[in-house]
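Below is one structure, written out as structure tokens; comments come after it.
In each ligand, atom 1 is the first atom listed, and ligand 1 is the first ligand listed.
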Amino acid sequence: MPEFPRGFRWGAATAAFQIEGATTADGRGPSIWDTFTAEPGRVIDGSNALVAADSYRRHHDDVDLLAELGATDYRFSISWPRVQPGGSGPANVAGLDHYERVVDALAEAGIAPLATLYHWDLPQPLEDAGGWLVRDTAERYAEYVGLVLDRLGDRVGRWITLNEPAMTTLEGYALGTQAPGRTLMLGALPTVHHQLLGHGLAVAAIRAASGTAEVGITNNHTLVVPASDDPGDLVAAGAFDVVYNRIFVDPLLTGAYPDLSAFGLESFPGLESGDLGVIAAPLDFYGVNSYNPTYVAAPAEGSEFALAGLPFEPAAPPAGTPVTGFDWPVVPEAFAELLVGLRRDYGDALPPIVITENGASYADEVVPGGNGGRSVHDHERIAYLDGHVRAVADAIGRGVDVRGYFVWSLVDNFEWAQGYTQRFGLVHVDFETGERTRKDSFDWYRRVIAEQRG
Ligand code: IFM
């Protein structure tokens, strides 16, 4: 493994709804994901996150695993409906107590917290009032962030405002494959603007509460690869790049939305005077989640994409490309190209990058063996992670300022609409008993971190 810069951060990431369970404990209110998972047919295996990885109760186990891993950092998320059960009004002290316990346990283990303030679990009452389609949700979000900072601002030094606003817009409000399950297609675009506005207002709230806090946002990015050199495919790839990547990053780093004329729009839905200045507030780091490139072609005549008015459709990866359990193509070089492309496209406007998620799901099996009598030989995940960590080193060597890398995920967890069918963890979780089993990738990552930390 190439040597990473001194001080590089090595961690693992999780999200509240995916690991905590205990969805009614200590006054937590309902979120859009509680509602969505209760609706028949929404989650592929009919499961829910009532227990998940049981981390609300077992957070000490998770911190012990991180310590054993030698992680410098832990990225976790704070559940809005635990802190503000109805999405507005005073803080629920018992909810904040939980995160204080997590942060204190991390401090004892010498692990730095990187807290995500919103990882998709919108309080249901706010969705009932319009969710991210309405501007008021941005204001409510900043108010919630202020409550969290009041309690934890003295002990958490780094904050991520939003996780992957693209998924909320595209899957949550456009296609309906994630909560809240709306199928508005282009009608979902106001949710882009209201999330980014909420981000900007949250940055201001964090800065007001703490003079030393570092603030960033996490966007998920994919390298968009045209299916061929055909001009139609090139145009389609450009349009997909706009809707998946650029509408979420340009306003943050350039203070403007990209041209949306390919979608028949002249201005961005929801945008009001002064908003872009709020959204483009300077950041201390830029969080990148990335898993795979996306191959894109011009929509075939009469295809469902063409009929829906979309100027692109997905294309197959080159024959022979390995895929993960999710069928995501494994192309580590594309990860390096993505990072180099961000630096090329945004130049000095791009803050230092932190890879806030990268990893792979595979159909892991527990077999007899190892120290605890149980092993998981996940050699495909090791190959995936090894290739992608090397790609980060490659990008750094090519001039990209990357400061940290977080594996998704520390433990197997509730993979949203895929329920428990996709395991991403370095640690296997038996969802019946909560029992944790270190996978071989855990040992691989422990060795990488030990070598890099010297
Ligand atoms: O599990 C998700 C996570 O919540 C957000 N990023 C992608 C992961 C894998 O799908």
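At least one heavy atom of Trp328 sits closer than 4.0 Å to an atom of ligand 1.
Among Leu69, Val407, Val389, the one residue that satisfies the side-chain contact (heavy atoms from CB on, under 4.5 Å) test with Trp10 is Val389.
Between Glu20 and Arg57 there is no salt bridge, since none of the side-chain N atoms of the basic residue sits less than 4.0 Å from a carboxylate O of the acidic one. Salt bridge annotation for Asp54-Arg436: absent, with no cationic side-chain nitrogen under 4.0 angstrom from a carboxylate oxygen.
Here the closest non-hydrogen pair linking Thr191 and Ala188 is OG1-O, 2.6 Å.
For the pair Arg453 and Phe4, the cation-pi criterion (under 6.0 Å, within 45° of the ring axis) is not fulfilled.
When only non-hydrogen protein atoms are considered, atom 10 (O) of ligand 1 lies nearest to Glu415 OE2, 2.6 Å.
Backbone and side-chain nitrogen or oxygen atoms of Asn413 are examined, and none is located within less than 3.5 angstrom of a nitrogen or oxygen of ligand 1. Below 3.5 Å of separation, one finds no N or O of Asn289 facing any N or O of ligand 1. For ligand 1, one of its N or O atoms has an N or O atom of Gln18 under 3.5 Å away. Residue Glu164 has at least one nitrogen or oxygen atom sitting less than 3.5 Å from a nitrogen or oxygen atom of ligand 1, judged on distance alone.
Neither the backbone nor the side chain of Phe414 comes within 4.0 Å of ligand 1, counting heavy atoms alone. At a 4.0 Å heavy-atom cut-off, ligand 1 does not touch Met167 at all.
A distance of 6.0 Å or more separates the ring centres of His119 and Phe17.
Interface of His119 with ligand 1, defined as ligand atoms under 4.0 Å from a residue heavy atom, comprises 3 (C), 4 (O), 5 (C). In summary, the atoms of ligand 1 found under 4.0 Å from a heavy atom of Trp416, numbered by their order in the structure, are 1 (O), 2 (C), 3 (C), 4 (O). Remark: ligand 1 atoms within the under-4.0 Å shell around heavy atoms of Glu357 are 3 (C), 5 (C), 6 (N), 7 (C), 8 (C).
Between the Asp378 side chain and the Asp440 main chain, a donor and an acceptor come within less than 3.5 Å of each other.
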Trp328 vs Tyr384, ring-ring contact (aromatic ring centres under 6.0 Å, His included): CA-CA, chis, key distance, verdict: CA-CA 11 Å; Trp328 293 350; Tyr384 177 99; 8.9 Å; no

